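None of the values given here were measured: they were computed from a predicted structure. The analysis underlying the following values was restricted to heavy atoms, covering all of them including side chains, and did not include hydrogens, waters or symmetry mates.
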Amino acid sequence: MVAGICAGAVAAAVFAAGAHGYSMRTDARFAPPTAFVPSAAVTYDRELVPAASWIEVRQKSRERGPTTVKLRVTGFVAGHAYGVHVHQKPCAADPAAAGGHYQHEPSGEPHHVNAENEVWLDFTADEQGSGEAVATHDWGFRRGEASSVVIHDEPGIKGARVACFTVPFGWETG
């Protein structure tokens, strides 16, 4: 088994990979792209995703089996519905840098943009500004093709990108 820990002032990740799968937990506090202390979690809209709000992402994948991704947040706008998807590239100062949605079967066709072919983690923040979501698929990520979680200002596929969290997703080994 290989285990690693990455820690900093604003982000931490713990992961383990072995012959039977991959398990990862990472969390961070959101900061604007111009923050003095950079973060793996970037907020582009501080009204919808305030600086210092928190995010946690977990992944558990079995070799040639299901992959589960869990999301938890705190400090968001109470009652607001957010769209959340796994994206292809890491976060950067430009919201577009995270690329498009990760797709199990890559396609430019609109009918492939759905919760079965992608990882959707939409949620509505509760009265305390907390939220959570879980997505499970019978497929895993391809190496280097899933790198972030992007938060949109509305559920579904049309919302603006309001925040991004770079995540060390694991991939299928088989």
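The line from CG of Asp153 to NE2 of His80 is 5.5 Å long, rounded to the nearest 0.5 Å. To the nearest 0.5 angstrom, Ile157 atom CD1 is 7.5 Å from His85 atom NE2. How far NZ of Lys89 is from OH of Tyr102: 15.0 Å, rounded to the nearest 0.5 Å. Distance CH2/Trp120 to CG/Asn114: 6.5 Å, rounded to 0.5 Å. Atom CD of Glu105 and atom CD of Glu116 lie 11.5 Å apart (nearest 0.5 Å). Interatomic distance, CZ of Phe141 versus OG of Ser147, reported as 10.0 Å (0.5 Å rounding).
The two atoms that bring Ser53 and Phe76 nearest to each other are OG-CE1, 3.9 Å, heavy atoms only. Nearest heavy atom pair, residue Thr26 against residue Met24, reads CG2-SD, 3.6 Å. Between Ala133 and Asp122, the shortest heavy-atom distance links the atoms CB-O, 3.7 Å. When all heavy atoms are compared, the tightest approach of Ala35 to Ala31 is CB-CB, 3.8 Å. Taking every heavy atom of both residues into account, Ser61 and Gln59 meet most closely at OG-NE2, 2.8 Å.
Residues Pro33 and Tyr44 have side chains in contact (heavy-atom distance under 4.5 Å, counting atoms from C-beta outward). Residues Ile151 and Phe30 form a side-chain contact, since some pair of their non-hydrogen atoms from C-beta on lies under 4.5 Å apart. Side-chain contact check for Thr67 versus Trp139: every heavy-atom pair is 4.5 Å or farther apart. For the pair Thr43 and Val162, the minimum side-chain heavy-atom distance is 4.5 Å or more. Val73 places none of its side-chain heavy atoms less than 4.5 Å from the side chain of Tyr82. Counting heavy atoms from C-beta on, the side chains of Thr136 and Val134 come closer than 4.5 Å. The side-chain heavy atoms of Val84 and Val150, taken from C-beta on, include no pair separated by under 4.5 Å.
Looking at Arg72 and Glu132, no side-chain N of the basic residue comes within less than 4.0 Å of a carboxylate O on the acidic one, giving no salt bridge. In this structure, Arg143 does not pair ionically with Glu145, as no charged nitrogen and carboxylate oxygen lie closer than 4.0 Å.
Counting only distance, with no hydrogens or angles, the side chain of His152 and the backbone of Gly83 share no donor-acceptor pair below 3.5 Å. A distance-only check finds a donor-acceptor pair linking the side chain of Asn117 to the backbone of His112 [under 3.5 Å]. Gln103 places a side-chain N or O within donor-acceptor distance of the main-chain N or O of Ser107, the cut-off being under 3.5 Å.
Linking ILVMFWY residues whenever their side-chain heavy atoms come closer than 4.5 Å, directly or via other members, leaves Val49 and Val42 in distinct clusters. Clustering ILVMFWY residues whenever any of their side-chain heavy atoms sit less than 4.5 angstrom apart, transitively, puts Trp54 in a cluster other than the one holding Leu121.
Under the 30°/60° scheme for interplanar angles, the aromatic rings of His101 and His87 are found to stand perpendicular.
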Determine, step by step, whether Glu118 and Val113 satisfy the side-chain contact (heavy atoms from CB on, under 4.5 Å) criterion, reporting the C-alpha distance in whole Å, the side-chain angles of both residues, the deciding distance to 0.1 Å, and the verdict. CA-CA 7 Å; Glu118 302 178 348; Val113 179; 3.8 Å; yes
Does Phe169 form a side-chain contact (heavy atoms from CB on, under 4.5 Å) with Val69? I'd like the steps, not just the answer. CA-CA 9 Å; Phe169 287 112; Val69 178; 4.2 Å; yes
Decide yes or no on side-chain contact (heavy atoms from CB on, under 4.5 Å) for Ile55 and Leu71, but give the supporting numbers first. CA-CA 7 Å; Ile55 185 169; Leu71 169 84; 3.6 Å; yes
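For the residue pair His137 / His104, no side-chain donor-acceptor distance below 3.5 Å is found, with atom types taken as modelled. No side-chain donor-acceptor contact under 3.5 Å links Thr166 and Ser148. In this structure, a donor-acceptor pair under 3.5 Å is absent between the side chains of Arg62 and Tyr22.
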